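Everything below concerns the one structure shown next.
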Amino acid sequence: MVEHDAHSATREAYDAAATTYDQLFRDTLRDRPLDRAILSAFAEVVRASGDGQVADLGCGPGHITAHLDQLGLAAFGVDASPAMIELARQANSDLRFDVGSMAALNIADGVLGGVLSRWSIIHTPPQELPVILAEFHRVLAPGGHLLIGFSASDGPSHPTQVFDHAVAPAYRWSPDHLATMLRESGLAEVARMVREPEPTDRRQFQEIQLLARKA
């Protein structure tokens, strides 16, 4: 019997929404100079710490993976949704894209110079996140960097909060709480970027990007 858990439901939901998602977010970086800046900084620190491959985990249709490639990184993408991976391969035939789970990556220990997790943890139930953070730590080489993006909760008194994501149930995180979880997983925070919502944004959540380094 196959267990129909939250991960299966999320994968099926993204399979169904893949084409629409691709159309909506194809140019997601165009009007986001701060996001482009932190991705450039991420690329620079990865190169400075020894280069190595970079995994874009939860890559969706591959837009950001392609951007990392343009920044000079040896980037590849992993996503749980086969439909997303098919779109990524069609759009970027020269790049590698694999179907996979962040909780059990088919990547050897300590081989990556960087891991990008851009809003890919938001559908992970809080009790399961330590397993994924441990995987991030496992696949990174010593000195490798993680850039992780997510929506902030309403304050430190709310370590996590559920929100009404259009595709599947999702969670916001307290930045300090998540930074502590990273530290407990062996990933020390180096920097963070906090982006305040625009007045016209439907959700008035801060967007957080944490840069962390494996010792």
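The analysis underlying the following values was restricted to heavy atoms, covering all of them including side chains, and did not include hydrogens, waters or symmetry mates. Since the model is a prediction, treat every value here as computed from it, not as a measurement.
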Check your understanding: Other than Val131, what residues sit in its cluster of Ile, Leu, Val, Met, Phe, Trp and Tyr side chains whose heavy atoms are under 4.5 Å apart, directly or through others?
Key -> none

Exercise for review: To the nearest 0.5 angstrom, please state how far the CG atom of Leu129 sits from the CZ atom of Phe136.
Suggested key: 7.5 Å

**Study point:** Side chain Ser174, main chain Gly155, donor-acceptor under 3.5 Å
**Key:** no

Check your understanding: Could you give the distance from NE2 (His123) to CD (Glu128), rounded to the nearest 0.5 Å?
Key -> 13.5 Å

Review point. In Å and rounded to the nearest 0.5 Å, what is the CG to CG distance from Leu210 to Leu146?
Key: 8.5 Å

Check your understanding: Looking only at atom types and distance, does a side-chain atom of Gln53 sit under 3.5 Å from a main-chain N or O of Gly114, one as donor and one as acceptor?
Key -> no

**Study point:** Carboxylate-amine/guanidinium proximity below 4.0 Å for Asp35 and Arg118
**Key:** yes

Review point. Shortest non-hydrogen contact from Met102 to Thr124?
Key: CE-OG1, 4.4 Å

Review point. Same cluster for Leu73 and Leu95 if Ile/Leu/Val/Met/Phe/Trp/Tyr side chains link at under 4.5 Å?
Key: no

Point to revise | ILVMFWY cluster, Leu68 and Phe76 together (side-chain gap under 4.5 Å) | key: no

Point to revise | Single-linkage hydrophobic cluster Leu112~Val54, side-chain heavy atoms < 4.5 angstrom | key: no

Point to revise | Closest non-hydrogen atom pair between Ala103 and Glu135, with its separation | key: O-CG, 3.5 Å

Exercise for review: Might you point out which heavy atoms bring Val46 and Gly113 nearest each other, and give the distance in Å?
Suggested key: CG2-O, 3.8 Å

Check your understanding: Got a second to check how far Asp56's CG is from Ser120's OG, nearest 0.5 Å?
Key -> 8.0 Å

Exercise for review: For residues Phe163 and Tyr171, establish whether the separation of their ring centroids is below 6.0 Å.
Suggested key: no

Exercise for review: State whether the number of non-hydrogen atoms from other residues, nucleotides or ligands found under 6.0 Å of Asn106 atom CG is greater than 12.
Suggested key: no

Review point. Is it true that Glu44 and Arg47 make a salt bridge, defined as a side-chain N closer than 4.0 Å to a carboxylate O?
Key: no

Check your understanding: Given side chains that start at C-beta, do those of His67 and Leu39 come closer than 4.5 Å, heavy atoms only?
Key -> yes

Point to revise | Contact check, side chains of Arg32 and Arg195, non-hydrogen atoms, under 4.5 Å | key: yes

Practice item. Indicate, with yes or no, if Leu147 and Trp119 share a hydrophobic cluster defined by side-chain heavy-atom contacts under 4.5 Å among Ile, Leu, Val, Met, Phe, Trp and Tyr. Key: no

Point to revise | Contact list for residues 175-185, test salt bridge (charged side-chain N to carboxylate O under 4.0 Å, His left out), sequence neighbours left out | key: Asp176-Arg192

Point to revise | Asp69 to Ala75 - nearest heavy-atom pair and separation | key: N-CB, 4.3 Å

Review point. Would a 4.5 Å heavy-atom cut-off, applied to side chains only, mark Ser151 and Gln206 as touching?
Key: no

Point to revise | Salt-bridge present (Asp164, Arg203; N to O < 4.0 Å) | key: yes

Check your understanding: Would a 4.5 Å heavy-atom cut-off, applied to side chains only, mark Leu105 and Arg138 as touching?
Key -> yes

Review point. Should Thr65 and Leu116 count as side-chain neighbours, where that means a heavy-atom distance under 4.5 Å?
Key: no

**Study point:** Where Ala80 and Val99 come nearest, the two heavy atoms and their spacing
**Key:** O-CG1, 3.9 Å

Check your understanding: CH2/Trp173 to CD1/Ile122 distance, rounded to the nearest 0.5 angstrom?
Key -> 12.0 Å

Point to revise | Note, Gln90 side chain near Phe97 side chain (heavy atom, < 4.5 Å) | key: no

Check your understanding: Hey, any chance Val190 and Leu187 share a hydrophobic cluster, counting ILVMFWY side chains that come within less than 4.5 Å of each other, even indirectly?
Key -> no

Check your understanding: side chain to side chain donor-acceptor pair (under 3.5 Å) between His63 and Asp27: does it pass, once the steps are laid out?
Key -> CA-CA 8 Å; His63 309 141; Asp27 298 320; over 6 Å; no

Point to revise | From CZ (Arg172) to CD (Gln161), nearest 0.5 Å | key: 4.5 Å

**Study point:** Salt bridge flag under 4.0 Å for residues Asp15 and Arg11
**Key:** no

Point to revise | side chain to side chain contact (heavy atoms under 4.5 Å, CB included) evaluation trace for Ile64 with Leu29 | key: CA-CA 8 Å; Ile64 306 301; Leu29 293 177; 3.7 Å; yes

**Study point:** Check: His145 and Leu211 side chains under 4.5 Å, non-hydrogen atoms
**Key:** yes

Check your understanding: Do any N or O atoms from the side chain of Asn92 and from the backbone of Ala88 form a donor-acceptor pair under 3.5 angstrom?
Key -> yes

Review point. Considering all heavy atoms of both residues, which atom of Asp79 and which atom of Cys59 are nearest to each other, and what is their separation?
Key: OD2-N, 3.3 Å

**Study point:** Expected output: side-chain Lys214 to main-chain His137 donor-acceptor under 3.5 Å
**Key:** yes

Review point. For the residue pair Phe25 and Tyr21, does the interplanar ring angle fall in the parallel (under 30°), tilted (30 to 60°) or perpendicular (over 60°) class?
Key: tilted

**Study point:** Heavy-atom side-chain contact between Ile85 and Asp98 under 4.5 Å
**Key:** no

